[in-house]
S.K.: 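This structure is in structure tokens; I'll ask about it shortly.
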Amino acid sequence: MAKVILQNLQKKYAEHDVVRNVNLEIPDKEFFILVGPSGCGKSTTLRMIAGLEDISGGQVLINDRVVNNVAPKDRDIAMVFQNYALYPHMTVYENMSFGLKLKKIPKKEIDKRVNEAADILNIRELLQRKPKALSGGQRQRVAVGRAIVRKPQVFLFDEPLSNLDAKMRVQMRVELSRLHDQLQTTMIYVTHDQVEAMTMGDRICVMKDGEVQQVAPPLELYHKPVNQFVAGFIGNPPMNFMPVQVVLQVDSYWLLNESVNLRVPKKFDARMKALVGKTVTLGIRPEDIYDKLFYGTTVLPGTTVKANVDVVEPMGSEIYLYLKAGKQDVIARVPPQVQAHAGQKMEVVFNLEQLHLFDAESGLSLI
């Protein structure tokens, strides 16, 4: 298989920087995810790895070989596109075998590879059908199968599940993860869906405006975001943010604004000292906000906030509560047993053991 290295990778269209100085090292056999909002440069980065976009600066290395000027067909990669890109006049078998025929691989070997891939993807019974007779999920499997038969060093996926319905996306996420375990090959996967990123990747690269924000395993991204953008992008519903002033009262640090008056746990004291008098951004995830009445436990002073319920969204296994605390909008994710309705007054508990603080100007993580 292969490792992929990007060194100061850049892409410009006229004076517009689409990708800026991206440096990544993707080891052999890793399932690596590029994630970010539309227009952040993730698909352009993938297409530069594939050779489908010219590189404005920097280098792409596959197995320590610089491939900047190597044609896509000679990079030993296979790409699965968002729109499947199947030939409509060919059968599934012909679609999967077409690239091998161009390479003049013997017919017996082609037949072996196509049937092996069909068995891996459970599409053997579809081999004589044409794409128009297939569902979206079946077409996606065929597109993946066409990549598998080439036995490439690197698989590239460009938002391959975005055209599928919600149930099929979940199923295909599982199948692609299983496929990676089975093939033990390097996979680089682009998506704007952070749920896909969190559930599939060994490591995730979060991009914004053509730049890498953070590269880390999924749970590290979730629990230790390096900045406010990553914190807000990873997690659903997104993290709550609010501006607060840091105040020292007697021997405790407090976070204050016109809506909240929160006491910082002692374990953060060493890092709070330098922030006294400053306005920072408090971040807290929806699952770390509790309904005080539901839990019925004694709560510590400085952890509760009074709020009004704006909207209740029952999700089956949980409920999303959209709250108004003074002028501050807050989302809480609570158990389905919590009784709540629009217009209700509620006192909620902030689990400040899980708080995040970000610099108000740079957005960088302080805690």
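The first residue of the sequence shown is numbered 1, and numbering continues consecutively from there.
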S.K.: According to a hydrophobic-cluster definition based on side-chain heavy atoms being under 4.5 Å apart (Ile, Leu, Val, Met, Phe, Trp, Tyr only), do V92 and I105 belong together?
M.R.: yes
S.K.: Check G137 against L164 and note the closest heavy-atom contact, atom names and distance.
M.R.: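 The pair with the smallest heavy-atom distance is N-CD2, 3.6 Å.
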S.K.: Hey, mind stepping through V35 and F233 against side-chain contact (heavy atoms from CB on, under 4.5 Å) and telling me if it holds?
M.R.: CA-CA 10 Å; V35 68; F233 189 81; 3.5 Å; yes
S.K.: For D54, look at atom CG and say whether over 12 heavy atoms of other residues, nucleotides or ligands are found less than 6.0 Å away.
M.R.: no
S.K.: Apply salt bridge (Lys or Arg N to Asp or Glu O under 4.0 Å) to E30 and K3, showing your working.
M.R.: CA-CA 8 Å; E30 185 169 65; K3 67 177 178 180; over 6 Å; no
S.K.: CE/M96 to CG/L127 distance, rounded to the nearest 0.5 angstrom?
M.R.: 6.5 Å
S.K.: Between NE2 of H356 and CZ of R285, what distance do you get to the nearest 0.5 Å?
M.R.: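 It comes to 5.5 Å.
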S.K.: If you look at every heavy atom in D76 and P152, which pair is closest and at what distance?
M.R.: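 Taking D76 first and P152 second, the nearest heavy atoms are OD1-CA, 3.5 Å.
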S.K.: Can you check side-chain contact (heavy atoms from CB on, under 4.5 Å) on N68 and V60, steps first, answer last?
M.R.: CA-CA 6 Å; N68 288 32; V60 175; 4.1 Å; yes
S.K.: Give the intermediate values and the outcome of side-chain contact (heavy atoms from CB on, under 4.5 Å) for residues F157 and L46.
M.R.: CA-CA 8 Å; F157 295 88; L46 192 77; 5.8 Å; no
S.K.: Run the side chain to side chain donor-acceptor pair (under 3.5 Å) test on N163 and N83 for me, step by step, so that the C-alpha distance in whole Å, both residues' side-chain angles and the decisive distance to 0.1 Å come before the verdict.
M.R.: CA-CA 7 Å; N163 290 335; N83 62 358; over 6 Å; no
S.K.: According to the interplanar angle, ranging from 0 to 90°, do the rings of F241 and F358 count as parallel (below 30°), tilted (30 to 60°) or perpendicular (above 60°)?
M.R.: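 Geometry flag for F358 against F241: perpendicular rings.
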S.K.: Please write out which residues are connected to L102 in a hydrophobic cluster, directly or through intermediates, given that two of Ile, Leu, Val, Met, Phe, Trp, Tyr count as joined at side-chain heavy-atom separations below 4.5 angstrom.
M.R.: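 Once heavy-atom contacts under 4.5 Å are chained together, L102 belongs with Y87, M90, F98.
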S.K.: Are side-chain heavy atoms of L179 and I148 found at a separation under 4.5 Å?
M.R.: yes
S.K.: Look only at the side chain of N8 and the backbone of N21, and say whether a donor-acceptor pair between them is shorter than 3.5 Å.
M.R.: no
S.K.: Is the closest side-chain heavy-atom distance between R333 and I319 below 4.5 Å?
M.R.: no
S.K.: Has the side chain of Q138 got a donor or acceptor atom that lies under 3.5 Å from a matching backbone atom of S135?
M.R.: yes
S.K.: What I want to find out is whether E94 reaches K101 closely enough, with some N-O distance under 4.0 Å, to be called a salt bridge.
M.R.: no
S.K.: Just checking, is any N or O donor in the side chain of Q82 or S162 under 3.5 Å from an acceptor N or O on the other one?
M.R.: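 Short answer, yes.
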S.K.: Would a distance-only check, ignoring hydrogens and angles, find a side-chain to backbone donor-acceptor pair under 3.5 Å from E220 to P225?
M.R.: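 No: the side chain of E220 does not pair with the backbone of P225.
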S.K.: Roughly how far, to the nearest 0.5 Å, is CG of L24 from CZ of R203?
M.R.: 7.5 Å
S.K.: With hydrophobic residues grouped by side-chain heavy-atom distances under 4.5 Å, do L61 and V67 end up in a single group?
M.R.: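 No, L61 does not connect to V67 through the hydrophobic network.
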S.K.: Does T185 use its side chain to pair, donor to acceptor, with the backbone of Q153 at less than 3.5 Å?
M.R.: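 The answer is yes, because a donor-acceptor pair under 3.5 Å joins these two groups.
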S.K.: Which residue in the set I234, I204, T199 passes side chain to side chain contact (heavy atoms under 4.5 Å, CB included) when paired with P218?
M.R.: I204
S.K.: CG of L176 to CE of M172: how many Å apart, nearest 0.5 Å?
M.R.: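 Answer for the CG-CE pair, L176 versus M172, is 4.5 Å.
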S.K.: Closer than 4.0 angstrom, basic N to acidic O: yes or no for K266 and D269?
M.R.: yes
S.K.: Decide side-chain contact (heavy atoms from CB on, under 4.5 Å) for I110 and Y93; before the verdict, give the C-alpha distance in whole Å, the side-chain angles of both, and the deciding distance to 0.1 Å.
M.R.: CA-CA 10 Å; I110 291 175; Y93 184 97; 4.2 Å; yes
S.K.: Side-chain contact, heavy-atom cut-off 4.5 Å: R20 with V22?
M.R.: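 In short, these two side chains do not touch, never coming nearer than 4.5 Å.
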S.K.: What distance do L52 atom CG and R47 atom CZ have between them, rounded to the nearest 0.5 Å?
M.R.: 5.0 Å
S.K.: Using a cut-off of 6.0 Å, state whether more than 12 heavy atoms not belonging to K267 lie near its atom NZ.
M.R.: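 Yes, enclosed.
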S.K.: Determine yes or no for a side-chain-to-main-chain donor-acceptor pair under 3.5 angstrom, with D28 supplying the side chain and A2 the backbone.
M.R.: yes
S.K.: How far apart are the closest heavy atoms of R146 and N95, and which atoms are they?
M.R.: CD-O, 3.4 Å
S.K.: Whether the side chain of Q344 engages the backbone of H341 through a donor-acceptor N/O pair (distance < 3.5 Å, no angle test) should be reported.
M.R.: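 Checking the backbone N and O of H341 against the side chain of Q344, a donor-acceptor pair under 3.5 Å is found.
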S.K.: Given the rule in the side chain to side chain donor-acceptor pair (under 3.5 Å) test, do Q245 and N257 qualify, once you have shown the distances and angles that lead to the verdict?
M.R.: CA-CA 7 Å; Q245 186 175 28; N257 66 23; over 6 Å; no
S.K.: Would you find a donor on one side and an acceptor on the other, under 3.5 Å apart, between the side chain of N308 and the backbone of G326?
M.R.: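 Judged by distance alone, no pair lies under 3.5 Å.
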S.K.: Do M48 and L9 have side chains that approach each other closer than 4.5 Å (heavy atoms only, starting at C-beta)?
M.R.: yes
S.K.: Salt bridge check, K292 against E347: does any charged N sit closer than 4.0 Å to a carboxylate O?
M.R.: yes
S.K.: With heavy-atom distances below 4.5 Å as the criterion, would you say the side chains of L183 and F155 are in contact?
M.R.: yes
S.K.: Determine whether a donor-acceptor pair (N or O, by modelled atom type, separation under 3.5 Å) exists between the side chain of Q328 and the backbone of A325.
M.R.: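 Such a contact is absent between Q328 side chain and A325 backbone.
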S.K.: If you count every heavy atom of other residues, nucleotides or ligands that lies below 6.0 Å from Q339 atom CD, does the total exceed 12?
M.R.: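 Incorrect, the count does not exceed 12.
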S.K.: Has Q228 got a side-chain atom pairing as donor or acceptor with L364's backbone, closer than 3.5 angstrom?
M.R.: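 Not confirmed, Q228 side chain does not pair with L364 backbone.
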S.K.: State, with a plain yes or no, whether a side-chain heavy atom of P37 is found less than 4.5 Å away from one of F229.
M.R.: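 They are in side-chain contact.
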S.K.: Please lay out, stage by stage, how N227 and Q213 fare under the test side chain to side chain donor-acceptor pair (under 3.5 Å).
M.R.: CA-CA 8 Å; N227 59 35; Q213 301 295 303; 3.0 Å; yes
S.K.: Run the numbers on T191 and E159 for side chain to side chain donor-acceptor pair (under 3.5 Å), then give the verdict.
M.R.: CA-CA 5 Å; T191 181; E159 305 207 31; 5.2 Å; no
S.K.: Look at the side-chain heavy atoms of Ile, Leu, Val, Met, Phe, Trp and Tyr, link any pair under 4.5 Å apart, and say whether V276 and V280 land in one connected group.
M.R.: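 Linked, V276 and V280 end up in one cluster.
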S.K.: Taking all atoms of both residues into account, what is the closest heavy-atom pair of V312 and P314, and its distance?
M.R.: O-CD, 3.5 Å
S.K.: Is there a path of hydrophobic side-chain contacts, each under 4.5 Å between heavy atoms of I, L, V, M, F, W or Y residues, that connects W254 with V305?
M.R.: no
S.K.: Is the side chain of R263 donor-acceptor paired with the backbone N or O of T303 at a distance under 3.5 Å, no angle test?
M.R.: no
S.K.: If hydrophobic clusters are built by linking Ile, Leu, Val, Met, Phe, Trp and Tyr wherever their side-chain heavy atoms come under 4.5 Å apart, do V70 and V154 end up in the same one?
M.R.: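 Linked within one cluster.
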S.K.: What's the separation between atom CD1 in I49 and atom CD1 in I5, rounded to the nearest 0.5 Å?
M.R.: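 The CD1 atom of I49 sits 11.5 Å away from the CD1 atom of I5.
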S.K.: Taking all atoms of both residues into account, what is the closest heavy-atom pair of S362 and D359, and its distance?
M.R.: N-OD2, 2.8 Å
S.K.: Is there side-chain contact between V19 and Q10, with heavy atoms separated by less than 4.5 Å?
M.R.: no
S.K.: Is the number of heavy atoms from other residues, nucleotides or ligands within 6.0 Å of CD (E361) greater than 12?
M.R.: no
S.K.: State, with a plain yes or no, whether a side-chain heavy atom of V80 is found less than 4.5 Å away from one of D158.
M.R.: no
S.K.: If I compare all heavy atoms of L352 with all of P265, which pair ends up nearest, and what's the gap?
M.R.: O-CG, 3.5 Å
S.K.: List the steps, then state whether salt bridge (Lys or Arg N to Asp or Glu O under 4.0 Å) holds for R173 with E196.
M.R.: CA-CA 7 Å; R173 284 206 310 261; E196 281 183 27; 5.7 Å; no
